[in-house]
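Working notes for the structure below.
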Amino acid sequence: MGDLVMAELEDLLSTAEFAQKAKVPAGTVRHWRDVGTGPAYLRIGRHVRYRPSDVMAWLEGQRVSTGDAA
């Protein structure tokens, strides 16, 4: 594998790591995944991992500007 691919693999986030960074319970992240409202994820065997770029893109989609409906 190239250096770029290996660097991306090293940066993958587990459900717990994503939850910690987003400051939400891991159960919330699992719920988002189960109902299809969370960020894209990778399933590697039985493990779920998130690319930081997918998480950031998803977070941008969650952004609400002042004056937008809540």
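Remark: the backbone N or O of A57 is not paired with any side-chain donor or acceptor of E60 at under 3.5 angstrom.
Annotation for L12 and R51: closest pair CD2-CG, 3.7 Å, computed over non-hydrogen atoms. In this structure, R43 and R46 approach most closely via the heavy-atom pair NH1-O, 3.8 Å.
In this structure, the separation between OG on S14 and NE2 on H47 is 11.0 Å, given to the nearest 0.5 Å.
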In a table with atom names and distances, give each donor-acceptor pair under 3.5 Å that connects a side chain of residues 26-42 to protein atoms at least two apart or in another chain.
residue : atom : partner : partner atom : Å
R33     : NH1  : T15     : OG1          : 3.1
R33     : NH1  : Y50     : OH           : 2.9

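A 4.5 Å side-chain heavy-atom check between L13 and K21 finds at least one atom pair inside the cut-off.
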